[in-house]
Structures are given as structure tokens and as C-alpha cells.
Amino acid sequence: HGRLGGCAFEMLVGESCTLECDPGYSSNQLTLLCRFDARQAPLPAMRTLSLSTNPACIPDPCTVSEPANGQMGTCGSVLQHGESCAMTCDDGYSLTGDQPSCFAGSLTSTPACEGHACEGVHAIPRPTNGAMGSCRWDGYLEHGQSCNVICQDGYSLSGEQPSCLGGVLTFSVVCTPQNCSEVVDL
């Protein structure tokens with residue numbers, strides 16, 4: 001997972017060069033040094049390439065971040081090459097995508113936590129003396145969305161319009177009868 005980089009095929013005594021690792025790999029020893037080794041007679045002196053250690057390009061680890069609306073689960077902040085872990089999502093959210101695994105400094109997958117919609121028993125109820133307005137007829141509301149209900153003629157709207165976040169509906173609209181003095185002057 002590396003190459004000679006800027007190293008010449010032939011080097012002079014005292015010259016050095018740096019080996020290069022492929023992207024996603026690194027090493028602590030990538031310098032070659034050409035030196036002159038004196039040998040005892042009757043062997044002749046010779047030039048050798050020397051390293052303080054055997055160079056190796058080893059895979060880099062990966063940095064892992066907590067997903068929005070989720071937890072690290074079994075993941076630490078660093079994942080070693082070839083390792084996987086399992087993240088979790090907060091209540092009202094589901095994991096999409098594969099769990100993270102590390103290959104040569106890159107995560108092969110980064111899951112996300114997507115919010116649940118408000119539907120079924122968590123759907124928007126039709127307000128008493130009101131109508132669904134811009135909201136769907138069945139009360140279904142996507143995660144992160146909002147809409148507006150309306151009151152019938154002769155009723156005043158008060159409270160908070162519906163919004164959905166992580167499967168939790170926020171909604172407090174009430175349609176109350178208007179006083180006769182608040183109606184139209186003749």
C-alpha cells in the first residue's frame with residue numbers, strides 16, 4: 001500500500017529519500033538512507049540502504065461522530081481499520097443506512113436517524129367546530145412539518161398549530177364561540 005515516491009533507483013552515499021503511502025495509509029518510518037558500510041577484510045566495503053525500522057504502510061483509523069437525534073451506541077470516537085460498531089437513535093427516530101465500518105481511514109457507511117411521522121393515534125385530530133385547513137384530511141403529518149387548521153365561522157382560533165417532530169405531535173388549537181358583540185356591525 002505504498003510506493004517509492006521520490007526515491008531514485010540509484011542513490012549516492014549519504015542521500016535519503018521518502019517513501020509514500022497510498023491514501024488512507026500511513027507509517028512512522030518512510031525514510032531510506034544510503035550509507036557506506038565498512039566490512040572486515042577480506043570482504044570489500046559496500047553501499048547499503050538502511051532503515052531504522054521495517055517500513056510498512058498501515059491502514060488509518062476512522063473518526064466517528066454521533067448522529068443527529070442519536071447515540072454512539074457501541075461506537076467510540078475512533079474506529080480502527082476493519083472494525084464496525086452499532087449506533088442507536090433517540091425515541092421517535094429510526095436508523096437509516098448501514099452501521100459504520102472503517103476501511104483505510106474512511107467510513108464505508110454513515111447512518112442517519114430519521115424522525116417518525118405523526119400518524120394513526122399520533123395524527124392531527126379534527127378540531128371541534130373547525131376543519132383541517134392546510135392539513136391532510138387523515139391527520140398525517142411528516143416529521144419536521146407543520147400545517148394550519150381553521151375554525152368554522154363564528155368561532156375564534158387560539159393555541160398552537162400542529163407540528164410533528166420525531167413522531168410527537170404538538171397541537172393545542174381550540175375553536176371557541178365568538179361573543180355576539182365580536183360579530184359584524186350592522
Side-chain angles (χ1 to χ4, degrees), residues 1-9 11 15-35 48-125 134-149 159-173:
H1 297 283
R3 57 194 166 285
L4 289 175
C7 296
F9 183 70
M11 295 172 53
E15 286 185 331
S16 65
C17 67
T18 303
L19 302 172
E20 296 176 1
C21 288
D22 294 338
Y25 293 81
S26 58
S27 176
N28 60 350
Q29 172 61 40
L30 293 176
T31 303
L32 287 171
L33 173 65
C34 182
R35 67 180 189 189
T48 61
L49 286 176
S50 65
L51 297 164
S52 58
T53 61
N54 289 332
C57 292
I58 56 173
D60 292 334
C62 299
T63 301
V64 181
S65 303
E66 183 174 86
N69 304 304
Q71 309 296 320
M72 293 293 278
T74 64
C75 301
S77 60
V78 175
L79 196 59
Q80 296 302 318
H81 170 78
E83 290 183 347
S84 298
C85 61
M87 295 181 165
T88 59
C89 293
D90 297 338
D91 288 341
Y93 294 82
S94 295
L95 196 72
T96 59
D98 295 330
Q99 292 287 3
S101 59
C102 179
F103 182 81
S106 295
L107 290 174
T108 58
S109 176
T110 305
C113 294
E114 289 188 6
H116 298 170
C118 295
E119 59 185 330
V121 296
H122 301 289
I124 304 165
S134 68
C135 302
R136 279 180 43 164
W137 65 271
D138 61 358
Y140 177 89
L141 191 58
E142 287 283 342
H143 162 76
Q145 299 295 310
S146 60
C147 63
N148 293 310
V149 296
E160 190 174 351
Q161 290 286 1
S163 63
C164 179
L165 190 61
V168 176
L169 178 67
T170 302
F171 176 63
S172 64
V173 168

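When reading the values below, keep in mind they use all heavy atoms of this one structure, side chains included, and skip hydrogens, waters and symmetry mates. Worth saying up front: this structure is predicted, and the values here are computed from it rather than measured.
- Residues Gln99 and Ser84 form no side-chain contact, since every pair of their non-hydrogen atoms from C-beta on lies 4.5 Å or further apart.
- With sequence neighbours excluded, no residue forms a side-chain contact (heavy atoms from CB on, under 4.5 Å) with Pro23.
- At a threshold of 4.5 Å between non-hydrogen side-chain atoms, the residues Pro162 and Val149 count as touching.
- A distance of 8.0 Å separates CG of Leu107 from OG of Ser65, quoted to the nearest 0.5 Å.
- For the atom pair Phe171 CZ and Gln161 CD, the distance stands at 7.0 Å (nearest 0.5 Å).
- Across every non-hydrogen atom of Tyr93 and His116, the tightest pair is C-NE2, 3.5 Å.
- Between Cys135 and Leu141, the closest side-chain pair of non-hydrogen atoms is not below 4.5 Å.
- The closest side-chain heavy-atom distance from Gln71 to Glu66 is below 4.5 Å.
- Closest non-hydrogen pair, Gly70 versus Asp90, comes out as N-OD2, 3.7 Å.
- Looking at every heavy atom in both residues, Asp138 comes nearest to Ala123 through O-CB, 3.9 Å.
- We find the OG1-CE distance between Thr88 and Met72 to be 10.0 Å, quoted to the nearest 0.5 Å.
- Taking every heavy atom of both residues into account, Met87 and Pro67 meet most closely at SD-CD, 3.6 Å.
- Between Ala86 and Cys75, the shortest heavy-atom distance links the atoms N-SG, 3.7 Å.
- The heavy-atom pair separating Cys102 from Asp60 by the smallest distance is SG-O, 3.9 Å.
- Phe103 has its ring centre less than 6.0 Å from the ring centre of His81.
- Under the 4.5 Å side-chain criterion, counting only non-hydrogen atoms from C-beta, Ile124 is not in contact with Cys118.
- A 4.5 Å side-chain heavy-atom check between Ser101 and Ser109 finds every atom pair outside the cut-off.
- Looking at Ser94 and Cys89, their side chains never come closer than 4.5 Å, going by heavy atoms from C-beta outward.
- Listed for the Ser134 side chain is a donor-acceptor partner under 3.5 Å among the backbone atoms of Asn148.
- Atom CG in Leu165 sits 7.0 Å away from atom CG in Asn69 (nearest 0.5 Å).
- In this structure, Cys164 and Gln145 have side chains that are not in contact, with every pair of non-hydrogen atoms separated by 4.5 Å or more.
- Summarising the geometry, atom NE2 belonging to His143 is positioned 13.5 Å from atom CD belonging to Glu119; distances are rounded to the nearest 0.5 Å.
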